[in-house]
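Report on one structure; see the data block that follows.
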Amino acid sequence: MPRLIQTLLTGLRLSGLVFLAACTQSDRPTPPQSSTQIPSGVTAQRNVLLSEGLIRFARVHKRLLPVAKEACQKAHPTQKAVRCAFQFVVALDRGSPPDAKFTRDASGRPVIIFNHAMVKFLKTDDEFAMVMAHEMAHQIARHITRGQKEVLRGAMNSAKTAKAEGRDINQAARSGAQQALASYTKQFELEADRNGTILMMKAGYDPDQAITLLNRLPKSSERTNRHPADPDRIDRVRALSSQIRASRSTGRTVPLLF
């Protein structure tokens, strides 16, 4: 049994679920060292972008947070209050592309991390609201817990099958964890897109003015493997926003699905 547990944990690590543990200083990559001097004008421009971004960040956070907290409490009325006490962190992460992550601390409090590149990348309040609402939707939907269960189930099922067939258990567990990861991450992203769109519109933001930020995000194999295709996501969000506006005109609402 200890060996099986170790195998499952190995599968979890290799699955790439970096959001399962709270972010610590040691989890962050070391800033790249460079001997090239950055021109003072470029540095000043970057500082201006960061300052403007932090102002937008704070403004949107203040307006969106009560909406998300209310949705979280309605979705999970019996859970501890800390589970809906969202904490936002802006992390120094030099040299990395724009990124936002969700995690939780030791007490179970949901934590959402924006790196400096993302703060400078987002251009409008609507774009900040879209990214914030998306990450909070992940948290409210308990994607961390659900992801852990799916990876463990995939690793265990593959390990049991391999043991019965006389194959390598460790290799099977890793493969099962990776297959489970691939099967649910894209669905989780679509869930977060949907619920995040509803949350941001409840707070008065316009997803149609923000969704095209996906076209500007740097492409990477990791992002491609874990996210649905950008055109599909853009079409889904636009269709949903139209549905929400049409529903409002008749006094109806489009429900959150948590």
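Numbering of residues begins at 1 and proceeds along the displayed sequence. Values in this document were obtained by computation on a predicted structure and should not be read as measured data. All heavy atoms count here, side chains included; hydrogens, waters and symmetry mates do not.
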Could you give me the CA-CA distance, side-chain angles and deciding distance for N215 and I234, then say whether side chain to side chain contact (heavy atoms under 4.5 Å, CB included) is met?
CA-CA 9 Å; N215 292 330; I234 292 171; 3.5 Å; yes

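- Here the closest heavy-atom approach between residue A100 and residue E135 is recorded as O-OE2, 3.8 Å.
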Report the C-alpha separation of H143 and E191 in whole Å, then their side-chain angles, then the decisive distance to 0.1 Å, and conclude whether the side-chain hydrogen bond (donor to acceptor under 3.5 Å, both in side chains) test is met.
CA-CA 10 Å; H143 283 168; E191 289 180 18; 2.8 Å; yes

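- Remark: C84 SG to Q73 CD distance equals 5.5 Å, nearest 0.5 Å.
- At a cut-off of 3.5 Å, with distance as the only test, no side-chain donor of S158 or R167 sits close to an acceptor on the other residue.
- The NE2 atom of H227 sits 8.5 Å away from atom CG of L217, with the distance rounded to the nearest 0.5 Å.
- To the nearest 0.5 Å, atoms CD1 (I112) and CZ (F88) are separated by 3.5 Å.
- Annotation: side chain of S96 is not in contact with side chain of H116 (no heavy-atom distance under 4.5 Å).
- R216 has its side chain within reach of F121: a pair of non-hydrogen atoms, C-beta onward, lies under 4.5 Å apart.
- For G108 against R83, the heavy-atom pair with the smallest separation is O-CD, 3.2 Å.
- Under the side chain to side chain contact (heavy atoms under 4.5 Å, CB included) criterion, P231 pairs with A229, sequence neighbours left out.
- H134 has its side chain out of reach of L199: every pair of non-hydrogen atoms, C-beta onward, lies at least 4.5 Å apart.
- To the nearest 0.5 Å, atoms CE (M200) and CD1 (I244) are separated by 10.0 Å.
- Contact between F258 and A71 at its shortest, heavy atoms only, is CE1-CB, 4.5 Å.
- Here K74 pairs with E70 in a salt bridge; the nearest charged N to carboxylate O distance falls below 4.0 Å.
- Side-chain atoms of V119 and N115, non-hydrogen and from C-beta on, never get closer than 4.5 Å to each other.
- The line from CD1 of I198 to OG1 of T253 is 8.5 Å long, rounded to the nearest 0.5 Å.
- What you find for I140 and A68 is that their closest heavy atoms are CD1-O, 3.6 Å.
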Check step by step if side chain to side chain contact (heavy atoms under 4.5 Å, CB included) holds for M132 and F114.
CA-CA 9 Å; M132 284 188 184; F114 279 55; 3.7 Å; yes

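- The CG atom of L214 sits 7.0 Å away from the CG atom of D193 when rounded to the nearest 0.5 Å.
- Between S175 and Q179, the side chains place a donor N or O and an acceptor N or O closer than 3.5 Å (distance only, hydrogens not considered).
- Using modelled atom types and a 3.5 Å distance limit, the side chains of S107 and D105 yield a donor-acceptor pair.
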Distance-only donor-acceptor hits, side chain of residues 53-62, under 3.5 Å, sequence neighbours excluded:
| unit_1 | atom_1 | unit_2 | atom_2 | d |
| --- | --- | --- | --- | --- |
| R56 | NE | K123 | O | 3.3 |
| R56 | NH1 | D125 | OD1 | 2.9 |
| R56 | NH2 | K123 | O | 3.4 |
| R59 | NE | D125 | OD2 | 2.8 |
| R59 | NH2 | D125 | OD1 | 2.9 |
| R59 | NH2 | D125 | OD2 | 3.4 |

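- Partners of D208 according to the side chain to side chain contact (heavy atoms under 4.5 Å, CB included) rule, which considers only residues two or more places apart in sequence or in another chain, are D206, R238, S241, R245.
- The backbone N or O of P228 sits nowhere less than 3.5 Å from a side-chain atom of D232 that would complete a donor-acceptor pair.
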Pair R142, Q79 - check side-chain hydrogen bond (donor to acceptor under 3.5 Å, both in side chains), show working.
CA-CA 12 Å; R142 294 178 170 175; Q79 72 179 2; 2.8 Å; yes

Would you check, one step at a time, whether the test side chain to side chain contact (heavy atoms under 4.5 Å, CB included) holds for D126 with M130?
CA-CA 6 Å; D126 291 316; M130 173 156 283; over 6 Å; no

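- Remark: side-chain polar atoms of Q139 are paired, donor with acceptor, to backbone N or O of V111 under 3.5 angstrom.
- The shortest heavy-atom contact between A173 and A159 is CB-CB, 4.3 Å.
- Remark: of the listed residues K160, R174, K163, K163 is the sole one forming a side-chain contact (heavy atoms from CB on, under 4.5 Å) with I169.
- Under the 4.0 Å criterion applied to side-chain N and carboxylate O atoms, R194 and E189 are not assigned as salt-bridge partners.
- Judged by a 6.0 Å distance limit and a 45° cone about the ring axis, R109 is not positioned over the six-membered ring of F86.
- Looking only at side-chain heavy atoms (C-beta outward), L213 and V131 come within less than 4.5 Å of each other.
- Enclosure of atom NZ in K186 by more than 12 non-hydrogen atoms of other residues, nucleotides or ligands within 6.0 angstrom is indicated.
- The shortest distance between side-chain heavy atoms of T124 and Q209 does not fall below 4.5 Å.
- Side-chain contact between F128 and L64: absent, with no pair of heavy atoms (C-beta onward) separated by less than 4.5 Å.
- Side chains of T197 and R236 form no contact here, defined as non-hydrogen atoms less than 4.5 Å apart.
- Between P97 and P218, the shortest heavy-atom distance links the atoms CB-CG, 4.3 Å.
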